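Below, all heavy atoms of this structure are taken into account, side chains as well, without hydrogens, waters or symmetry copies. So that the names make sense, note that chain A is the first sequence line, chain B the second, and so on, each numbered from 1. Predicted, not measured: the structure shown is a model, and the values here were computed from it.
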There are 4 protein chains.
Amino acid sequence: MKKKRKDGLKRQSDIMKLSLEMFSDRGYHAVSVDDIISAAGIAKGTFYLHFSGKLEILEMIIDKYLTILYESVKVLDISMDKSIEDIKKIYLDVTKILLKEKGFGQFLKIVLRDISSINHELYGKINTFYVKLVMMSAEFHINAQKKGKIKKELDPVIASYCIFGAVKDLVFRLVVLEEKIDIMQSISTMFDLFLGGMLVEKST
Amino acid sequence: MKKKRKDGLKRQSDIMKLSLEMFSDRGYHAVSVDDIISAAGIAKGTFYLHFSGKLEILEMIIDKYLTILYESVKVLDISMDKSIEDIKKIYLDVTKILLKEKGFGQFLKIVLRDISSINHELYGKINTFYVKLVMMSAEFHINAQKKGKIKKELDPVIASYCIFGAVKDLVFRLVVLEEKIDIMQSISTMFDLFLGGMLVEKST
Amino acid sequence: MKKKRKDGLKRQSDIMKLSLEMFSDRGYHAVSVDDIISAAGIAKGTFYLHFSGKLEILEMIIDKYLTILYESVKVLDISMDKSIEDIKKIYLDVTKILLKEKGFGQFLKIVLRDISSINHELYGKINTFYVKLVMMSAEFHINAQKKGKIKKELDPVIASYCIFGAVKDLVFRLVVLEEKIDIMQSISTMFDLFLGGMLVEKST
Amino acid sequence: MKKKRKDGLKRQSDIMKLSLEMFSDRGYHAVSVDDIISAAGIAKGTFYLHFSGKLEILEMIIDKYLTILYESVKVLDISMDKSIEDIKKIYLDVTKILLKEKGFGQFLKIVLRDISSINHELYGKINTFYVKLVMMSAEFHINAQKKGKIKKELDPVIASYCIFGAVKDLVFRLVVLEEKIDIMQSISTMFDLFLGGMLVEKST
DNA sequence: TATGAATGAGCATTCATTCAT
DNA sequence: AATGAATGAATGCTCATTCAT
C-alpha cells in the first residue's frame, strides 16, 4: 500500500546490491525473483519496472564490475615498460583496492562459480576480459623477451594462460570454497615458481 | 503403447549415456526430465523406475567416472619413485586412454562448467578427488626435494596447486570453450615453464 | 487471458466456499487442486497465491468454523447455572443459527466423514473441540449431581460421551447419509431416554 | 527371480492379512500397491494375479469380516426371548471372541476411520450391517415393550440408534484414537444410563 | 512510479495398472 | 503361477512475467 518513492537509480542500485549478495550466497539459479523482491521489500511490478528480468540484473552486475575492471586495467596497460617489481606492486595495489569493496568478492564468487553454467553470452563478456588480461600479460612477456629478461623459447600466450590459470584457481579456492589460505605465501611461491622454475640449477 | 522390454541395467545405462550427452551439450539446469525421457523415447514412469530424480542421474554419472579416475590414479600412485620423464609418459598414456571414451570429455565438461553451481555435496566429491591429485603431486615434490632434484624453498602444496590450476584452465578451454589448442605445444611449454621458470639465468 | 481482478480476501473466500462445497460433495481425497481451479475459473498460480496447498484450504475451512463454534460455545459456558429446559432451548437456538448457513452443514459433513482419515493434526483440532464440549457437559452433570438433580452413581464423563456419541451419530445420518429423519422426535426421544432411561419403574 | 510357488489361497490370504495391517496402521489412502507388494515380498504382477486392484483387497477384507459378523449375529437373533442379563452376557461373549483375533481390531479401525471417505458402495455394505443390528435391537425393544418391561413411549428405533451411537463412539475412541479407557466401567455406566436414565426419581 | 493479483507454461513426481517374458 | 519392466494419466507445485489499478 505504501508507495515509497525513491530516486529511480538509488532503488535500482539497492536491488542490484541485494541481488548480488543473494546470488553470491545461494547461487543464481537458487534465487527467485520472489526472493529478491521480498528481501528488497518491493512489489513484483516495481522489480519489472527497473529490470526486464532476472537475467538482466545479473548482466548489469557483471557490466558494472567489468567496467571497473577495464578501468583498473588501463593503469596496468600504461605500465608496460616498468620492471617486474613495479608490476608486482601495481597488481597488489589494484587487488587491494578491489577487494576492499565487499561486492567485488561477491562478484568474483558468481563469476567463478555460476556464470559458465548460465551461458547466455554473459560468459563471453567475462571471457573476453579474461583473454584481454592474458594477452596483456603475453605482450609484456614479448617485451621482456625482446629485452632478454625472459626466456625466448617460452610461448608467451601459453605461459600467460598458465599463470592466470594458477591465479584463477587460487582465487576460486579463496572466494568460492572459502578456504583459509595464506595469500602472501601463495603469491610469493607463485612468483618464485613462475620466475625461477622448480628444478635445481645444475652448477657446473 | 508398445512396451520395449530391456534388461534393467541396459536401459539405465542408456539413459545415463543420453543424459550425460544432453547435460554436456546444454547444461544440467537447461535439461529437464521431460527432455531426457522424450529423447530416450521412454515414458515418465520408466525414468523414475530407474532414477529417483534428475540429480541422481548426475550423481551416478559422477560416481561412475570418479570410480574410473580413482582406478587410474592408483597406477600413478605406484609410480612415486620414477623419473620425471616416466611420470610424464604415464600421465600422457592415462590421458590418452581416458580421452578415447567420448563420455569422459562430456563428463569433464559438466564437471568444469556446471558442478560448482549445483553444490549438493556433489561438488565435494569432485573436489575431494582434485585435492587428492594435488596432494599426490605434492608428495612427489617432497620426494624430489629430498633427492635434491627440486628446489627446497618451494612450498610443494602451493606449487602443486599452481600446476593443477594451469592444467585445469587448459582443459577448460579445450573441453568447455572448445578452443582449438595445440595441446602438445601447450604441455611442452607448461613443462618448460614449471621446471625451468621464465627468467633467463644470469651467467656470470 | 483476461485478468479478473478481485480483492485478495474476496477471492480467497470464494475459493474456500467452492472448495468446501466440493469437498463436501465428493470427499476431500476425490477433489484435486485442478478440479478446484477449473471450477473456480482461475489459473493454477492464482490458487497457490492464496493457499500453500490443498491441505491448507481444508485447514482454513476447519479453523473458520471452529472459531465460530468456539464463539458459540462461550454462550453455553455462561449458562452453567440454568435449568435443563433453558439449556435445551439454548442448544436448539444455537443449532438453528448454525444450520442456517449452508456452509456449516458442508463443514459437518467433511468433519464427520473425511477428517479422521486425513489425520495431519487436523483431526486433533476437531477432537480437541469435541472433548471440550464433552467436558463442559460433564461439568454440568457434576453441578447437577451436587444439587441432587442427577444420579450420583453415574460417571459424568462417560455419560457425556454417551450423549454426544448418540448426537454425533444422529448428525452423521442427517448430514452425511442424508437420511430423512424426524429431528424433533429424535431429539425428544433422546431427552426422554437419557433423562428417564428405558426401564419401567416398578411401582411398589 | 525366485518363483516361490504357494497355494493360491494361502498367498491371497497372506496378502490380505498384510494389507489389513497396513491399512489399519497408515490409512487406506496412504498405502500404495507398491507398499503392499514390497512388504509381501512379491512382484507387481503377482499382486494383480490375485486382486483386480487395491480397492478389491479392501472389499475382500470387509466381506470376510462382515461374513463373520453376520454369523455372530445369528446367535443374537435367536436370543430374542431371553432376559436382559442373558443378552448382556451373550454380547460380552461374542465381543470377547471377536476381539481375540488381532485382525478384527484392525478391521474396526479401518471401518470407523476410513470407510466413510472411500464410499464406493463399500460404506453401504457396512451401513447395511449396522442398520441390521440397530433394527434387531429395535425389535428386541418392541418385544420388551409388549411385555411391559420397557417404557412404551420410547421410539424403539431412535432409542436403538442412540445406544449404538454411544457404543460406536466408545469403540472409536478405543480402537482409532487408542485412548486408555476403562471398558468395564464404561459399559457398566452405559447400562445404568440407558436402563435407568440420569434423573433422580422423585419419591413422593 | 508503484502495486500485487493473476497468469499458465513448465517441472518433478506418483501410482494403479498392463503385459511380454 | 510368477515376474518386473514399462506405461502415462494424474497431481501438486514453481516461477518468471504481465497488466489492470
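Residues passing the side chain to side chain donor-acceptor pair (under 3.5 Å) test with C:Lys109 are C:Glu178, sequence neighbours excluded.
A straight line from CG of D:Asp14 to C1' of F:dA1 spans 15 Å, rounded to a whole angstrom. Here the P atom of nucleotide E:dC15 and the CE atom of D:Met22 are 12 Å apart, to the nearest Å. With rounding to whole Å, C:Leu49 atom CG is found 13 Å from F:dC13 atom C1'. Following rounding to the nearest Å, D:Lys10 (NZ) and F:dA2 (C1') show an atom-to-atom distance of 17 Å. Atoms CZ (A:Phe47) and P (F:dC19) sit 17 Å apart, rounded to a whole Å. Rounded to whole angstrom, the span from the CD1 atom of A:Ile57 across to the C1' atom of F:dT17 amounts to 14 Å.
Counting atom types as modelled, D:Lys44 pairs a side-chain N or O with a base atom of E:dT17 as donor and acceptor under 3.5 Å.
Within a heavy-atom distance below 4.0 Å of DNA chain F, the residues of residues 28-42 of chain C found are C:Ser32, C:Val33.
Rounded to the nearest 0.5 Å, atoms CD1 (C:Ile115) and CD1 (C:Ile62) are 3.5 Å apart. Within the model, atoms OG of A:Ser32 and NZ of A:Lys54 stand 7.0 Å from one another, a figure rounded to the nearest 0.5 Å.
Comparing E:dA2, E:dA16, E:dA6 by their nearest atom to the side chain of D:Tyr48 picks out E:dA16.
Counting all heavy atoms, side chain and backbone alike, B:Gln12 lies closest to B:Phe51 at CG-CZ, 3.4 Å. Taking all atoms of both residues into account, the shortest heavy-atom contact from B:Lys102 to B:Glu21 is NZ-OE1, 4.0 Å.
With C1' as the reference atom, E:dT1 and F:dT21 are 13 Å apart, rounded to whole Å.
Nucleic acid contact for B:Gly45: base, since at least one base atom lies under 4.0 Å from a heavy atom of the residue.
Among residues at least two apart or in separate chains, side-chain hydrogen bond (donor to acceptor under 3.5 Å, both in side chains) pairs with a member in residues 58-67 of chain D are D:Asp63-D:Lys125, D:Tyr65-D:Glu101.
In DNA chain F, runs of at least 3 consecutive Watson-Crick or G-U pairs, each pair with both distances below 3.5 Å, span E:2-21 with F:2-21.
A sub-4.0 Å separation between OP1 or OP2 of E:dA5 and a side-chain N or O of C:Thr46 is absent. Of the side-chain N and O atoms in C:Arg11, none sit less than 4.0 angstrom from OP1 or OP2 of E:dA5.
Summary of the strand contacts: C:Leu55 and B:His50 both lie near DNA chain F, and taking for each the nucleotide with the nearest heavy atom, the more 5' one is attributed to B:His50.
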Please list, one pair per line, the donor and acceptor atoms closer than 3.5 Å that link side chains of residues 39-47 of chain D to other protein atoms, with sequence neighbours excluded.
unit_1: D:Lys44; atom_1: NZ; unit_2: D:Asp34; atom_2: OD1; d: 3.2
unit_1: D:Lys44; atom_1: NZ; unit_2: D:Asp34; atom_2: OD2; d: 3.4

Could you list the donor-acceptor pairs under 3.5 angstrom formed between side-chain atoms of residues 22-31 of chain D and any protein atom two or more places apart in sequence or on another chain?
unit_1: D:Arg26; atom_1: NH2; unit_2: D:Asp35; atom_2: OD2; d: 2.9
unit_1: D:Tyr28; atom_1: OH; unit_2: D:Leu55; atom_2: N; d: 3.3
unit_1: D:His29; atom_1: ND1; unit_2: C:His29; atom_2: ND1; d: 3.1

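Among A:Ile110, A:Val111, A:Leu112, the single residue meeting the side-chain contact (heavy atoms from CB on, under 4.5 Å) criterion with A:Asp114 is A:Ile110.
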